[in-house]
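Data first, discussion second: the structure below is written as structure tokens.
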Amino acid sequence: MSFLNPSVLFALPLIVIPLILHLIHQKPFKPVPFSHNKWLQEAHQMLMPRKKLKDLIILILRTALILFLILFFSRPVFHKGKIHSSPTETECFVILFDVSASMGGI
């Protein structure tokens, strides 16, 4: 595998941006004096694992999005068993989605 635009790979350190933002936005909870605070704490403890899982999934998706964008703009080229010796020999694989009326997409 090689890249047609390898200079874009210098942007790979940008992957840590979602992690930094995730760590910065974690706010500690301040205790609030309230008469029914005991029941609120129990409800909060029950919902905490779900919130942590949701935050982790969002963090992974944001990191993967940045990684895929960087790889997309670096234009990777996969070779089948041999490296092409001349630049005129290129293989291209295209996926085309046509939803026009002529193809019955409507």
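Positions are given from 1, in the same order as the sequence printed here.
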Q: If a pair satisfies salt bridge (charged side-chain N to carboxylate O under 4.0 Å, His left out) and one of its residues is in residues 55-64, list it, with sequence neighbours excluded.
A: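 Matches after skipping sequence neighbours: Lys51-Asp55.
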(Q) Give me each pair satisfying salt bridge (charged side-chain N to carboxylate O under 4.0 Å, His left out) with a member in residues 64-79, each pair once, sequence neighbours excluded. (A)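 Listed by first then second residue: nothing to list.
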Q: Identify whether Ile66 and Phe73 are in the same connected component of the hydrophobic contact network (ILVMFWY, side-chain heavy atoms under 4.5 Å).
A: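 Yes, it is one cluster - the side chains of Ile66 and Phe73 are joined through contacts under 4.5 Å.
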Q: Report the hydrophobic cluster partners of Phe68, with the cluster defined as I, L, V, M, F, W, Y residues connected by side-chain heavy atoms closer than 4.5 angstrom, directly or transitively.
A: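 Its cluster mates, by chain and number: none.
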Q) Which hydrophobic side chains are connected to Leu53, either touching it within the sub-4.5 Å cutoff or through other members that do? A)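 The other cluster members (ILVMFWY side chains, heavy atoms under 4.5 Å, direct or chained) are Ile57, Leu61.
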(Q) Filter on side-chain hydrogen bond (donor to acceptor under 3.5 Å, both in side chains), then keep only pairs touching residues 4-19, sequence neighbours left out; what's left? (A)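 Sorted result for residues 4-19: Asn5-Ser7.
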Which atom pairs, one a donor and one an acceptor, fall under 3.5 Å between side chains of residues 16-23 and the rest of the protein, sequence neighbours left out?
residue: His22; atom: NE2; partner: Gln26; partner atom: NE2; Å: 3.2

Q: Taking all heavy atoms of Leu59 and all of Thr63, pick out the closest pair and write down the distance.
A: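 Minimum heavy-atom separation between Leu59 and Thr63: O-OG1, 2.9 Å.
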Q | Contacts of Leu12 that satisfy side-chain contact (heavy atoms from CB on, under 4.5 Å) - sequence neighbours left out | A |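 With neighbours one apart ignored, the set is Leu9, Ile15, Leu67, Ile70.
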